[in-house]
K.L.:
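Attaching a single structure in structure tokens format; questions to follow.
The analysis underlying the following values was restricted to heavy atoms, covering all of them including side chains, and did not include hydrogens, waters or symmetry mates.
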Amino acid sequence: MRWSKLFVPTLRDAPADAEAASHKLLVRGGFMRQLHAGHYSMLTLGMRVHSKVAAIVRAEMDAIGAQEFQLPTMHPMGLWHKSGRSELMGDEMFRLADRKGTELALGVTEEEVFTTLALELSSYKQLPQHWYQIHTKFRDEPRPKSGLLRVREFTMKDSYSFDLDEAGLDASFDLHYDAYVRIFTRLGLSAMPVEASSGSMGGTESIEFMVPSPAGEDDVVRCPSCDYAANLERSVSVIPTVVDEAGPDAPVRFATPGVRTIAALEEIDGGAPAERQIKTMVMVLDDEVTLALLRGDHQLNLQKLQDATGAAEVRAATPEEALAAMGANPGSLGAVGVELRVIADPALAGRTNMTTGANDDDWHLRGVDVGRDISVSEFAELRDVSVGEGCPKCGTPVEIVRCIESGHIFKLGRKFTEAFDAKVLDPNGKAQHMIMGSYGIGIDRAVATIVETYHDDRGIVWPVAVAPFEAVITIASMKDEAGVAAAEKIYADLGAAGVDVVIDDRKARAGVKFADAELVGIPFRITIGKALADGEVEVTRRAGQITERVAVDSAVSWVVDAVQAAR
RNA sequence: CGGGAUGUGGCGCAGCUUGGUAGCGCGCUGCGUUCGGGACGCAGAGGUCGGGGGUUCAAAUCCCCCCAUCCCGACCA
């Protein structure tokens, strides 16, 4: 390609509303432009990177025997009613109607459509089937942000496996796991597999591939000395046991005027340290008012509560709802004698002589024995893990790392095959619902994640495998006829050698060309200018900005070798 | 959904307090000089001042409503 013909609108200043490095650099480098919130136009440079990322994903999916499909993105709403996900997705789904009034939806994922196709599978002999596509998805995110990292319209590689039984699913899952490891390695991303919540979709095993980055939105709990890693919403930790003193035979009411917080209850006469308090949170789970109990110094993780209960919607009760259900205002609530469903964190199991609200404003109870005084419906992990708590595997203090979720694989189970009645005959001639796995990688998010990982103060530093061009030939002066001729020769030879090369033949000053090449992030640059007098050109590696001079005649082989070594 | 901020030429911004008919830097076009790290001079092009309504002789500026975008939080197969 000739840069003089390309549309690469680089900017000296980043748009004022860009925060994330990838957002700024992809816009400044002329890779993309925002159309509106959460929707980006990919320009030619962006599309080149996008295509290269997609090609790597495609190659690795093909390598495990997966078959590429392309499904509609606009679906009849009936499909989503059938799977029960219309309600589940709620406002996250873009919904529309056609001229006849037929309800339609834009695909958030494609389990429904793939499962519809799987109805044509009839025998276990056809299994496993691994089907995938690389296609547009829509999610009406409440808050698009950070450029490509969180958008409403995006490209995702989504694949689905169909197996006869759990053993088959395990094998399909492992194939994908290995493919994902290879994909992220090729993309240059150090993605770590972590245990994750499979969310409201159920399913058993769920693994997210997480790339550490301050631009991320997920917290991963990781052990520095063993292989334990889990999404915060799935993590557990070991904490020291609190030894309780013996308490009274029954809870004792005591006045706590004005006390509304854990901290205030620690301070007041007759109060208790936070770890000796029971925090009572009034939650609404699919319209059922429920109490979530935690140790006073612990934080509730909503996703854990959702996972533990299987509720589709989990939210905190409003103060009015809490008052109606408990007879007191938040700050004075407790579970003693309450008839509602009560879910308690295991850190409260067996605890005695604790302090909690009395369900009477300005009153609390002390001497509360969890087993004796509270009818706990169930115990479930509800609390957030904190830095420094013990690794559940080896006890080492854990750390928490901010990450970008780059991939997610999980065992879906039979939810969809049962909803759509997708069955095959097993070896005994008996019809069985197939079991599914679901696997996703966001292509655009991967592009942004690569930029987050690989940039410096001059611009992007693309890994060769995904760079918009592998090499750029920079002609210092277009008036230098010998230079132009030498550059054209190298350009032709590199092209013939299969290198993805662009020649910067713009009538611009050298400084402009250097700055653009660096901002855009092309891995190798051949500069043809003053060195030519000595029969040489300069070759520069973008990573580290290392320049050396080589003979004109060996420039092509130098670049070919460098590119091949890095591909 | 709660809190905060912003909307003026392609990008970055000033002007608004105190109304008088729009300006700066970058970019863009032409000519000249320059030519290895985002050159310089001269001459130009380009703006419904987010939208609607109102006040006023007069609104980018004051008032009301709406919209959009960004940030923090909530939420997020």
K.L.:
Checking all strands, does Thr474(A) fall into the base, sugar-phosphate, or nothing category for heavy-atom contacts under 4.0 angstrom?
P.N.:
nothing
K.L.:
Looking for any heavy atom pair under 4.0 Å, which part of the strands does Thr547(A) touch: base, sugar-phosphate only, or nothing?
P.N.:
nothing
K.L.:
Could you tell me which residues satisfy side-chain hydrogen bond (donor to acceptor under 3.5 Å, both in side chains) with Glu153(A), sequence neighbours excluded, listed by chain and number?
P.N.:
His39(A)
K.L.:
Side chain of Ala515(A), heavy atoms from C-beta onward: which of rU69(B), rG38(B), rG12(B) has the nearest atom to it?
P.N.:
rG38(B)
K.L.:
Using a 4.0 Å heavy-atom cut-off, does Ala14(A) contact any base of the nucleic acid, only the sugar-phosphate backbone, or nothing at all?
P.N.:
sugar-phosphate
K.L.:
Hey, which sits more toward the 5' end of RNA chain B by its nearest nucleotide, Glu141(A) or Leu11(A)?
P.N.:
Leu11(A)
K.L.:
Has the side chain of Ser438(A) got a donor or acceptor that lies under 3.5 Å from a partner of the other kind on the base of rA77(B)?
P.N.:
yes
K.L.:
Determine the Euclidean distance between corresponding C1' atoms of rU21(B) and rC49(B); express it in Å to zero decimal places.
P.N.:
12 Å
K.L.:
Would you indicate whether the side-chain heavy atoms of Ser172(A) and His130(A) approach each other to under 4.5 Å?
P.N.:
yes
K.L.:
Going by the salt bridge (charged side-chain N to carboxylate O under 4.0 Å, His left out) test, name the single residue among Arg506(A), Arg28(A), Arg12(A) that passes it with Asp516(A).
P.N.:
Arg506(A)
K.L.:
Using a strict 4.0 Å threshold on nitrogen-to-oxygen distance, state whether Arg402(A) and Asp218(A) make a salt bridge.
P.N.:
no
K.L.:
What distance, rounded to whole Å, do you find between the two P atoms, one in rC1(B) and one in rC40(B)?
P.N.:
49 Å
K.L.:
Rounding to an integer number of angstrom, what distance separates rC70(B) and rG38(B) when you compare their C1' atoms?
P.N.:
28 Å
K.L.:
Any idea which of rG38(B), rC70(B), rA74(B) is nearest the Ala37(A) side chain?
P.N.:
rC70(B)
K.L.:
P atom, rC66(B) versus rG2(B): distance in rounded Å?
P.N.:
13 Å
K.L.:
Base, sugar-phosphate, or nothing: which does Glu217(A) touch, judged by heavy atoms less than 4.0 Å apart?
P.N.:
nothing
K.L.:
If we call it a pair only when both distances are under 3.5 Å in a Watson-Crick or G-U wobble match, what pairs with rC1(B)?
P.N.:
rG73(B)
K.L.:
Is the count of non-hydrogen atoms from other residues, nucleotides or ligands lying under 6.0 Å from Glu481(A) atom CD greater than 12?
P.N.:
no
K.L.:
Identify the nucleotide, in any strand shown, that forms a Watson-Crick or G-U wobble pair with rA43(B), with both distances under 3.5 Å; if there is none, say none.
P.N.:
rU29(B)
K.L.:
Calculate the interatomic distance between Asn301(A) atom CG and rA74(B) atom P; express it in whole Å.
P.N.:
11 Å
K.L.:
Check whether NZ of the Lys or CZ of the Arg Lys411(A) lies under 6.0 Å from the centre of the six-membered ring of Phe173(A) and within 45 degrees of that ring's axis.
P.N.:
yes
K.L.:
With a non-hydrogen cut-off below 4.0 angstrom, is Pro142(A) in contact with a base, only sugar-phosphate, or nothing?
P.N.:
base
K.L.:
Could you tell me whether Ala20(A) contacts a base, only the sugar-phosphate backbone, or nothing, with contacts defined as non-hydrogen atoms closer than 4.0 Å?
P.N.:
nothing
K.L.:
Roughly how far apart, to the nearest Å, are rA60(B) and rC72(B) at atom P?
P.N.:
34 Å
K.L.:
For rA43(B) and rC26(B), measure between their P atoms and round to the nearest Å.
P.N.:
15 Å
K.L.:
Choosing from rG12(B), rG36(B), rA74(B), which nucleotide comes nearest the side chain of Asp13(A)?
P.N.:
rG12(B)
K.L.:
Distances under 3.5 Å only, N/O to N/O: pair up the protein atoms with those of nucleotides 33-35 of chain B.
P.N.:
unit_1, atom_1, unit_2, atom_2, d
rU34(B), O2, Arg509(A), NH1, 2.7
rC35(B), N4, Lys479(A), NZ, 2.1

K.L.:
With nearest nucleotides of RNA chain B determined for Phe514(A) and Ala18(A) from heavy-atom distances, which residue corresponds to the more 5′ nucleotide?
P.N.:
Phe514(A)
K.L.:
Between Trp462(A) and Phe31(A), is the ring centre distance below 6.0 Å?
P.N.:
yes
K.L.:
Specify the separation, in whole Å, of atom CG of Asp457(A) and atom P of rG37(B).
P.N.:
18 Å
K.L.:
How many whole angstroms separate atom NZ of Lys24(A) from atom P of rG12(B)?
P.N.:
12 Å
K.L.:
Identify which nucleotide among rC11(B), rG36(B), rG38(B) has an atom closest to any side-chain atom of Asp516(A), counting heavy atoms from C-beta outward.
P.N.:
rG38(B)
K.L.:
Report yes if the side chains of Arg152(A) and Arg139(A) come closer than 4.5 Å at any heavy-atom pair, otherwise no.
P.N.:
no
K.L.:
Counting any heavy atom closer than 4.0 Å, what does Arg549(A) reach on the DNA or RNA strands: base, sugar-phosphate only, or nothing?
P.N.:
nothing
K.L.:
In whole Å, what is the span from the CD atom of Glu19(A) to the P atom of rC71(B)?
P.N.:
6 Å
K.L.:
Nearest whole Å is fine: how far is rG37(B) P from Asp456(A) CG?
P.N.:
19 Å
K.L.:
Determine the contact category for Arg152(A): base if any of its heavy atoms lies under 4.0 Å from a base atom, sugar-phosphate if only primed atoms, P, OP1 or OP2 are that close, otherwise nothing.
P.N.:
nothing
K.L.:
Rounded to whole Å, please give me the gap between CG in Asp140(A) and P in rA77(B).
P.N.:
14 Å
K.L.:
For nucleotides rU48(B) and rG73(B), find the distance between their C1' atoms and express it as a whole number of Å.
P.N.:
36 Å
K.L.:
Under a 4.0 Å threshold between the charged nitrogen and the carboxylate oxygen, would Arg525(A) count as salt-bridged to Glu538(A)?
P.N.:
no
K.L.:
For nucleotides rG3(B) and rA74(B), find the distance between their P atoms and express it as a whole number of Å.
P.N.:
16 Å
K.L.:
Would you please confirm or rule out a distance under 4.0 Å between OP1 or OP2 of rC11(B) and any side-chain N or O of Arg33(A)?
P.N.:
no
K.L.:
Would you call Thr309(A) and Ile343(A) a side-chain contact if the rule is heavy atoms closer than 4.5 Å?
P.N.:
yes
K.L.:
May I ask you to verify if any side-chain N or O of Gln34(A) is less than 4.0 angstrom from the OP1 or OP2 atom of rC70(B)?
P.N.:
yes
K.L.:
Specify the separation, in whole Å, of atom CZ of Arg525(A) and atom P of rG36(B).
P.N.:
14 Å
K.L.:
Can you find an N or O donor on one side and an acceptor on the other, under 3.5 Å apart, linking the side chain of Glu92(A) with the base of rA77(B)?
P.N.:
no
K.L.:
Rounded to whole Å, please give me the gap between NE2 in His39(A) and C1' in rU69(B).
P.N.:
13 Å
K.L.:
Could you check which of rC72(B), rG12(B), rU69(B) has an atom nearest any side-chain atom of Lys145(A)?
P.N.:
rC72(B)
K.L.:
Using the side-chain heavy atoms of Arg143(A), tell me which of these nucleotides is nearest: rC71(B), rG36(B), rG37(B).
P.N.:
rC71(B)
K.L.:
Any side-chain N or O of Arg12(A) below 4.0 angstrom from OP1/OP2 of rG27(B)?
P.N.:
yes
K.L.:
The criterion is side-chain hydrogen bond (donor to acceptor under 3.5 Å, both in side chains); which residues satisfy it with Trp131(A), sequence neighbours excluded?
P.N.:
Gln129(A)
K.L.:
Consider the side chain of Lys530(A), meaning its heavy atoms from C-beta on, and name the nucleotide among rC11(B), rG36(B), rC13(B) that approaches it most closely.
P.N.:
rG36(B)
